[in-house]
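These numbers come from a predicted model, not from an experiment.
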Amino acid sequence: MEPAVTPRRASADSDRIVVVPHTHWDREWYLPFQRFRAGLVRMLDEVLDAMAADPAYRFTMDGQLAAVEDYLEIRPARRGDVARFVAEGRLAVGPWLILADEFLCAGETLLRNLEYGMRGAAALGGAMPVGYLPDQFGHCAQMPQMLALAGLRRACLWRGVPAHVDRDAFDWTGADGTTIRTRYLPGGYGNAFGLFTGPAEEMPDRVTAFVSTAEGWAAGGTLLAMYGADHSAPAREITASGLRVATLAEALTGDPGGGAADGQVPRVVGELRSHARANILPGVISARVPLKQAMARAERVLTRYAEPLSALWLSGDSACERLIDMAWRSVIACSGHDSVTGCGSDETAQQVAARIAEAGQTAQAVVDLVAASLSEAAPKGSLVVVNPSPFERTGLVLADLPEDRASLVDASGRSVPAQRLEHAATLLDETVMDDLSRLLGRVHERELYGHEIVSWHAGDGVFTVTVSRHASGAYAYEDLRRAVVEAGPGPWVVRTVAEPVVTVAALVTVPPLGRAVLTARPPEPRLPAPVANALRTDAYGFEPVLDNGLLRVRVAGDGTLSLRGADGTEVHGVGRIAHGGDAGDTYNYAPPPDDRIADRPSRVVVEEICSGPLTGVYEITRVYDWPAGLGADAGDDSDAEIVPTAVTTRVEIRAGEPFARCEITMDVRCRDHRVRWHAPLPRAAAGSYAEGQFAVVRRGLAAEGGDGGGDGDGGGEQPIPTFPAESFVAAGGLAVLLDHVTEYEINGDEISGDGTELALTLVRSVGYLSRNRNPYRDEPAGPEVPTPAAQCQGPLTVRFAVLPYAGEWHEAGLPRLAEEFRHDLLAVPGTGAARAGAGDADEDGPGGGGRVAISGDGVMMAALRERGGRLEVRLVAEHPTATEAVVRGDFTAAWTAGVLGSPLSPLEVSRDDLFRDDLIRDEVFPDDGADGRGPAAYPGSWRTVRVPLTPFAIATVHLGEA
């Protein structure tokens, strides 16, 4: 489209207008990445040519660097042009690498997004110093702090702004109290698109109309005219319009909030998720749930296993460093607001899923390298257990042990509490062979069927090979070959028999970010090792009950659960499964006109899977008769085919854990529907608390819409109170610990208005990217493209844990409980040479302690990595009052640092007072008396640094040598 231009001033009003030529570039959406990139190349070719021809031309590249990098992969020869225009301040790039959805990735991913974006933009001449967030579907509560940590004190955005913001600028205060001036874009990032359409002689009238609309929002003198749209760029003649043309940074310089003084603009605290000013498209939280699950797994493996463990155990390994960088780039790319959201075409979603999988696999490759190193340092037959948390953990790991060595001892020779779960099959294969030499083709040196050969025997027409997962003793392939030759012609019955193996659940205590080496020993006739909060056995066994003294779980006849905590908090009917229709799309849920909720199973079967002192499991299978889908008009489902669907809930409690682990599995065969898990609240709730992106956010029971008490124009979107939570959600004395970002809602009592029930969305199935007629949204959110894969049909498994609690969320320790639920101990078998005193494996410190330990009320470790020869630790205070992080380790100096890694100021480092301060000793390294471990197991030569933290503050600390 060619704009109508005139070389003279359009009107006196034009002096106030600053035109920002830009594009909003979705790297992938209704078309997959490479098809959009072809258009990107054409567009940026035109932009760079225009800038070369006209020094007055300016262009803002959408706040994200990735599109520029995508272009330069195709046009590497134009890197010099890009760098020159960036250095001249005419081409604005960054500060983000990608325009991420702020609620569907971890807070650490958002910070790395900024880090990669600003570092890459600096290599081209510098990042735009504005936190530009043009099209994200709402904004998280910690965004002001994240931007400020990166040195960005200004933001510019569109969606999610609440109704009481009546100007184009406001002060945005994050969860920690950080405040940044924020420019609001009334009408969106294309608010001036119509300014340049139509005949040239009508330009003054269009300017007057724009000013008339914009000055009603103006907090100061400048009227920001954003001239750009999706996947396009303004023509170069725009500079002849007589209007001032600038980049976004230039437009906001000296006028970041319209020139308004502090206190003269509205103030907004926390997240921006209001529907009042624009659609925020909340259904993306529950669209294509498997994408959300895969993203969480990849982030977790990368952030909490690959990166920290390689820094601690494989310091300086360049292969690990490169693999981690590759994984981060893939994770960040997949966090895009049209990527992990699932609101793209099926082709796009498939490619996003593949990239997320590759990122997770790349991170897992690093974990494999660490595991191999630790495995080789421990003797064969041992078990190495690694703790990914910065505090001491006691938790369950599974191990396959030989029947004759089915008990474990720690490095000090103490028995480890264990529970036998099941025996593995001993007969692995039986085959009749006329030519026994065929057996040799199955053998690879000593390996056969994934085991190692122990011995063999021939007699009575049977050739038996005995194998073991942990073979010992002498072996020579030539001896086996000779035995096969001497056995003579067949037929022979060839049997491969495994030594009896039993799967054992072991309760292991591991130091902070450290390891424990366990050794398999023959069982001894001794009293079992004591276990704190072991599962109790029901003496009568009349009903399915699990009880460890911290939590009692009873399975009711309808398959729901009754829970009672140690503090007496009790709730019944937990786990009702409800099925309803969905006439919406990937952006917005919408019920059909006659929605029929089905929540009663036609059959319930309860089976005990295991029972013991360490773990107890029941499997509950409920069969439901659900309609196969909605009609062609997404309306009545009364004539739909009925699809019997079995929903299996595996409920487990473990020794020492105050929560019940739930794993729900189903084969999704219905279409256009939503399935939710419901739990009553122990007490009425006025709101909820949800963790995500470095904050615990309090939300009410309703969502603000266009009639939210201000002059809201909205986008015609139905404001429904479904919200995202990352690691936990809590309300009314019930908490759910989450495996991935999950959509939830607090249902209220119509009479009292109080919240009485929590609902989690397990799966939402829809068939269109966007419906032109969505009952819960007036405007299309994109093209009406069919997305049959968004029906999410096939096997689905969702994991979470549930617990009742008294008091407040922080008093129940929910951040730490979520940490333990989400991050399993890592167990790998030892493969090194056996040696005397095998239990005393080479370790970094007494008890296998790592190099860092962290404590403090609500203090969580978000990341740990090696950076410039130092350890970098990211801390966050998930606590409603001021707290202090206590960091201990083998360092002698410490500094605070910025997001980009530069040290800011030194921190005071003291000798470790672990043995002098009993209170701190017991807090950081508690001795529960069960295994004799305690402060003596940890090094006393460590140093200590204390970092004061305000509520929800993020702190980056470097640890190294003075």
Side-chain angles (χ1 to χ4, degrees), residues 105-113 115 292-315 320-321 323-328 330-332 334-335 356 359-371 374 384-393 395 397 510-515 691-694 726-728 737-741 799 801 814-828 850-855 858-867 871-876 878 885 887 889 954-957 959:
C105 63
E108 186 64 24
T109 300
L110 292 173
L111 282 181
R112 299 301 178 96
N113 189 344
E115 176 191 322
K292 280 65 173 176
Q293 294 176 312
M295 184 69 169
R297 284 193 299 269
E299 287 180 314
R300 196 154 51 237
V301 173
L302 174 57
T303 311
R304 296 304 307 277
Y305 292 90
E307 197 169 55
L309 297 185
S310 63
L312 294 170
W313 305 100
L314 291 178
S315 178
C320 288
E321 182 180 353
L323 288 168
I324 288 170
D325 177 72
M326 293 168 59
W328 267 121
S330 293
V331 163
I332 294 168
C334 292
S335 69
I356 292 175
Q361 292 159 7
T362 304
Q364 184 60 50
V366 175
V367 178
D368 293 344
L369 291 173
V370 176
L374 295 175
V384 184
V385 183
V386 181
N387 179 7
S389 300
F391 51 84
E392 184 176 87
R393 289 269 302 272
V397 296
V510 194
L513 292 166
R515 60 174 172 173
E691 194 280 340
Q693 297 78 44
F694 301 142
E726 184 182 355
S727 72
F728 71 80
L737 313 178
L738 300 167
D739 178 73
H740 62 277
V741 175
R799 294 177 59 248
L814 296 185
R816 176 155 171 166
L817 293 178
E819 159 83 13
E820 295 184 5
F821 170 70
R822 290 164 64 88
H823 303 104
D824 291 332
L825 299 178
L826 176 66
V828 295
R851 295 162 57 192
V852 179
I854 300 170
S855 65
V859 176
M860 307 305 296
M861 186 185 80
L864 185 152
R865 60 172 159 169
E866 185 177 18
R867 197 168 194 179
L871 285 183
E872 180 181 272
V873 181
R874 188 105 64 212
L875 307 171
V876 59
E878 294 199 341
V887 183
I954 302 167
T956 303
V957 177
L959 308 172

* Below 4.5 Å, heavy atoms only, C-beta onward: do Val385 and Leu826 meet side chain to side chain? -> no
* CG/Leu312 to CG/Leu871 distance, rounded to the nearest 0.5 angstrom? -> 6.0 Å
* To do: Please check if the side chain of Glu392 supplies one atom and the backbone of Val510 the other of a donor-acceptor pair under 3.5 Å.
  => no
* To do: Flag the pair Leu309 / Val366 as yes when at least one side-chain heavy-atom distance between them is below 4.5 Å, and no otherwise.
  => no
* **Separation between CG of Leu314 and CD of Glu321, rounded to the nearest 0.5 Å** => 12.5 Å
* Asked: Any sub-3.5 Å donor-acceptor pair from Glu872's side-chain atoms to Arg865's backbone N or O?
  -> no
* Between Pro511 and Asn387, is any pair of side-chain heavy atoms under 4.5 Å apart? -> no
* Asked: Considering residues at least two apart in sequence or located in another chain, which fulfil the side chain to side chain donor-acceptor pair (under 3.5 Å) criterion with Thr303?
  -> none
* **Listed partners of Glu820 passing salt bridge (charged side-chain N to carboxylate O under 4.0 Å, His left out), at least two apart** => Arg816
* To do: Check whether any side-chain heavy atom of Leu737 lies under 4.5 Å from a side-chain heavy atom of Leu817, and answer yes or no.
  => yes
* Structure fact -> Residues at least two apart in sequence or cross-chain that pass side-chain contact (heavy atoms from CB on, under 4.5 Å) with Ala885, listed by chain then number, are Val859, Leu875, Val947, Leu949
* For the residue pair Ser310 and Tyr305, establish whether any side-chain heavy-atom pair is separated by less than 4.5 Å. => no
* Asked: Which residues pass the side-chain contact (heavy atoms from CB on, under 4.5 Å) test with Gln364, sequence neighbours left out?
  -> Val301, Val367, Asp368
* Set of residues satisfying side-chain contact (heavy atoms from CB on, under 4.5 Å) with respect to Gln293, sequence neighbours excluded -> Val289, Pro290, Arg297, His740, Leu796, Val798
* Structure fact -> d(Ser335 OG, Ile356 CD1) to nearest 0.5 Å is 9.0 Å
* salt bridge (charged side-chain N to carboxylate O under 4.0 Å, His left out) partners for Asp824, two or more places apart -> none
* Asked: Donor-acceptor pair, Asp739 side chain versus Arg799 backbone, under 3.5 Å?
  -> no
* To do: For residues Ile332 and Arg112, determine if any side-chain heavy atom of one lies less than 4.5 Å from a side-chain heavy atom of the other.
  => yes
* Looking at residues at least two apart in the chain, or sitting in another chain, which of them share a side-chain contact (heavy atoms from CB on, under 4.5 Å) with Ser727? -> Glu691, Ala818, Arg822
* Structure fact -> With sequence neighbours left out, the residues meeting salt bridge (charged side-chain N to carboxylate O under 4.0 Å, His left out) with Glu819 are Arg304
* To do: Using the test salt bridge (charged side-chain N to carboxylate O under 4.0 Å, His left out), find all partners of Arg874 that sit at least two apart in sequence or belong to another chain.
  => Glu108
* Asked: Quick one: which of Val828, Leu374, Val397 gives a side chain to side chain contact (heavy atoms under 4.5 Å, CB included) with Val386?
  -> Leu374
* To do: Decide yes or no for Thr109 and Leu111: does some side-chain heavy atom of the first lie under 4.5 Å from some side-chain heavy atom of the second?
  => no
* Student check: side-chain heavy atoms of Trp328 and Glu307 closer than 4.5 Å -> yes
